[in-house]
2 protein chains.
Amino acid sequence: MPTMVDVAKRAGVALSTVSYALNGTRPISEETRQRIYAAMEELGYKPHALARGLASKRSKIIALLFPTPERGLGLTELEFVTSAAEAARNKGYHLVLWSLPTDSSELRQLLQQGLVDGVLVMEVHLNDPRIELLRELEFPFSMIGRCAESTGMSYVDIDFDRTTQLAVNCLAELGHRQIGFINHSHEAFEAGYGPTVRVAQRFNEAIAAAQLHGVSSFCHDSVAAGYETFNQLLTDHPALSGLIVMNERAIPGIIQAVSERGWSIPDDISLISLVSSARVAEMTLPTLTTLEPPIAELGALGVDLLIQQLEAQDRELPQALLPCQLVVRGSTGQARRTER
Amino acid sequence: MPTMVDVAKRAGVALSTVSYALNGTRPISEETRQRIYAAMEELGYKPHALARGLASKRSKIIALLFPTPERGLGLTELEFVTSAAEAARNKGYHLVLWSLPTDSSELRQLLQQGLVDGVLVMEVHLNDPRIELLRELEFPFSMIGRCAESTGMSYVDIDFDRTTQLAVNCLAELGHRQIGFINHSHEAFEAGYGPTVRVAQRFNEAIAAAQLHGVSSFCHDSVAAGYETFNQLLTDHPALSGLIVMNERAIPGIIQAVSERGWSIPDDISLISLVSSARVAEMTLPTLTTLEPPIAELGALGVDLLIQQLEAQDRELPQALLPCQLVVRGSTGQARRTER
DNA sequence: ATGAAAGCGCTAACAG
DNA sequence: CTGTTAGCGCTTTCAT
């Protein structure tokens with residue numbers, strides 16, 4: 001592999017001039033610039049990433065802090081990872097994957113290795129030890145999601161308020177008055193998992209504002225739990241006709257429970273899956289009306305915000321909220337006229 | 001951040017002694033070793049990854065060459081990525097994600113940056129330009145999957161022969177004599193996508209060996225295509241009672257087509273989903289009997305083989321084949337006695 | 001507009 | 001067993 005010295009020699013200039021030409025760090029006469037680029041071309045020169053990083057103190061590598069598969073991973077995460085990787089590459093950065101439990105002590109070590117310039121944190125919890133550590137070390141980071149006190153921090157997140165509102169509106173406009181909400185588990189809620197907490201809260205507000213009847217329920221992320229939870233919910237509230245579910249893994253159980261009652265979706269129950277991808281929505285019969293998260297956008301935007309923060313001289317910490325998009329499929333329909 | 005110089009001063013030894021102590025590259029008296037480690041502890045010293053990489057010419061970073069979402073990504077890929085990342089970290093390596101189309105010219109640039117020691121290539125095609133490039137540059141790599149001529153290269157792959165055999169056996173033992181196989185698309189086959197080609201071939205061999213009747217069909221990776229393909233297959237071969245499907249995305253369409261005929265799974269048709277994860281298998285009604293790929297093992301093993309290759313002095317290029325595991329769920333049952 | 005030279009923090013000869 | 005020193009390939013002052 002040729003180095004800068006080789007290029008400099010061949011172009012008949014000083015080593016530093018090559019560097020400046022490459023980085024545009026200072027004015028170079030058009031003529032020498034040409035010579036240098038020609039020399040690079042001829043030699044097949046490519047700057048050495050490590051050397052550049054060591055000298056400049058900027059590795060141009062960022063880390064994606066990825067949750068370990070506690071709650072099981074979805075397609076969501078995958079799309080996220082790939083879009084983040086692509087966004088990073090588009091900006092000339094590399095993305096390394098750090099898959100760690102939120103309370104891992106390893107994070108500190110990793111950060112202190114000086115390998116990465118900044119960190120993109122996925123699945124931020126309301127009280128997240130990773131965020132505390134990053135703040136303590138004053139290490140640059142952006143979040144996907146938010147923690148309890150996110151002022152002065154950079155993040156992108158789903159606009160859960162708007163998303164929840166869209167779901168409630170959709171059912172309300174179809175004439176549903178009695179609406180159930182099946183959330184993630186109570187444990188997730190207690191642990192302060194953002195979406196769980198935010199949607200739970202907003203659901204009640206939206207229901208109240210629209211003068212509907214609403215009832216919420218937690219549910220573990222499993223088919224069996226979905227089955228149980230739905231049956232319990234309908235035993236307690238037989239008049240429910242609309243259901244908002246933010247729990248992809250519970251959905252097959254719910255569908256099964258509906259069908260075992262001899263009911264059908266959407267004739268007897270309308271169902272909206274919150275923060276759920278098209279891929280999953282099309283696995284079921286009927287296909288699911290969803291509010292689909294703009295995953296790729298979130299991933300790319302998260303990376304952009306982080307890099308912006310790394311390269312900006314001013315200490316502005318950008319934030320962004322993106323709503324999910326309503327995609328109407330087969331699982332929602334007009335509410336029945338007659339009460340059951 | 002403290003550096004080695006600081007540690008050396010504090011421990012009262014030479015800079016290099018610290019280095020040797022850290023890397024175990026040469027014998028150090030127990031006493032000085034203690035002093036050095038104490039000093040590191042007190043200062044909170046962590047070796048600088050870039051500096052180490054530059055000096056040693058080994059970055060301890062590997063890249064995962066990730067396919068761009070052409071055919072759409074599955075859960076499979078995700079689990080793969082996370083297990084690879086974890087395996088790498090366990091061995092003291094970092095994993096960067098390079099998400100590129102197989103024919104991208106960018107790969108060459110990335111490799112020449114000198115950032116990574118080796119590459120793990122996912123979704124290898126039978127004729128894969130990435131592999132050709134890696135060979136040309138003599139760049140260390142391992143593959144997930146194999147290309148046409150894989151001798152002398154390091155890879156891990158699913159044992160498709162064994163997997164296909166298991167599927168055929170399973171149906172045969174249930175008394176099915178007329179067995180259909182729904183593959184990925186013809187395009188995937190033509191493009192030399194490994195699983196598509198290998199299973200197609202092995203299916204015929206296994207059917208012949210067991211003296212059964214078999215019929216294969218290609219199918220695009222979509223619900224609609226699954227629906228069409230199934231109907232066509234049953235029009236042409238009405239006696240089919242067992243179906244092997246290696247196309248997760250087509251399955252909902254198949255299930256729908258079965259139900260529209262007034263048939264049921266598994267009473268009228270038994271169905272096995274090949275190389276399909278539990279997560280998907282439990283989304284449907286009935287749940288799917290599958291041959292589940294050992295994804296996490298493949299990811300971890302792939303990383304291990306690559307690192308082994310990087311660190312071994314001898315030029316052995318290890319290979320491994322892992323079979324899928326048969327998990328019987330609700331979609332398979334005894335063949336009907338009577339012909340339809 | 002260009003050069004010369006001093007590091008960045010570490011590894012690995014070379015020399016005792 | 002330990003110390004000295006020359007790089008690794010680049011960025012970035014400081015000169016001119």
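What you see is a predicted model; the values in this text were computed from it and never measured. First the proteins, then the strands, lettered A, B, ... as listed; each starts at 1.
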Interatomic distance, Leu54(B) CG vs dG9(D) P [rounded to whole Å]: 7 Å
With side chains defined as the heavy atoms from C-beta onward, is the minimum distance between Tyr93(B) and Ile307(B) less than 4.5 Å? yes
Side-chain contact, heavy-atom cut-off 4.5 Å: Asn23(A) with Arg52(A)? yes
Checking contacts here: which listed nucleotide (dG3(C), dT11(D), dG9(D)) is nearest the side-chain heavy atoms of Ala14(A)? dG3(C)
Nearest whole Å is fine: how far is dT11(D) C1' from Asn23(A) CG? 8 Å
dC10(D) P sits how many Å from Met40(A) CE, rounded? 11 Å
Of the nucleotides dT12(D), dC10(C), dA13(C), which one has an atom closest to the side chain of Arg26(B)? dA13(C)
Does the side chain of Ser16(A) pick up a donor-acceptor pair with the side chain of Ser19(A) at under 3.5 Å? no
Grab the CD-C1' distance between Gln34(A) and dA1(C) for me, whole Å please. 16 Å
Between the base of dT11(D) and the side chain of Ser19(A), is there a donor and acceptor pair under 3.5 angstrom? no
Kindly point out which of dT11(C), dT2(D), dC10(D) is positioned nearest to the side chain of Ser56(B)? dT11(C)
Nearest to the side chain of Ser29(B), heavy atoms from C-beta on, is which of dG9(D), dC10(C), dC1(D)? dC1(D)
What is the distance from CE of Met4(A) to P of dG3(C), rounded to the nearest Å? 14 Å
Would you classify Leu50(B) as touching base, sugar-phosphate or nothing, given that sugar-phosphate means primed atoms plus P, OP1 and OP2, and contacts are heavy atoms under 4.0 Å? nothing
Which whole-number value in Å describes the distance from Arg52(A) CZ to dG9(C) C1'? 19 Å
Lys46(A) or Gly12(B): which one's nearest nucleotide on DNA chain D is closer to the 5' end? Gly12(B)
Taking the nucleotide of DNA chain D with the nearest heavy atom to each, does Pro27(B) or Lys57(B) sit closer to the 5' end? Pro27(B)
Just checking, Arg198(B) and Phe160(B): is the charged tip under 6.0 Å from the six-membered ring centre and within 45° of the axis? no
The side chain of Ala55(A) lies closest to which of these nucleotides: dG9(D), dA1(C), dG3(D)? dG9(D)
Among the nucleotides dC10(C), dG9(D), dT2(D), which one has an atom lying closest to any side-chain atom of Thr3(B)? dC10(C)
Taken to the nearest whole Å, CD/Gln113(A) to P/dC10(C) is 11 Å
4.5 Å side-chain heavy-atom contact, Leu306(B) and Gln309(B): yes
Tell me if the side-chain of Tyr20(A) makes a donor-acceptor pair with the base of dT13(D), cut-off 3.5 Å, by modelled atom types. yes
Could you state the CG-P distance from Leu15(B) to dA15(C), rounded to the nearest angstrom? 19 Å
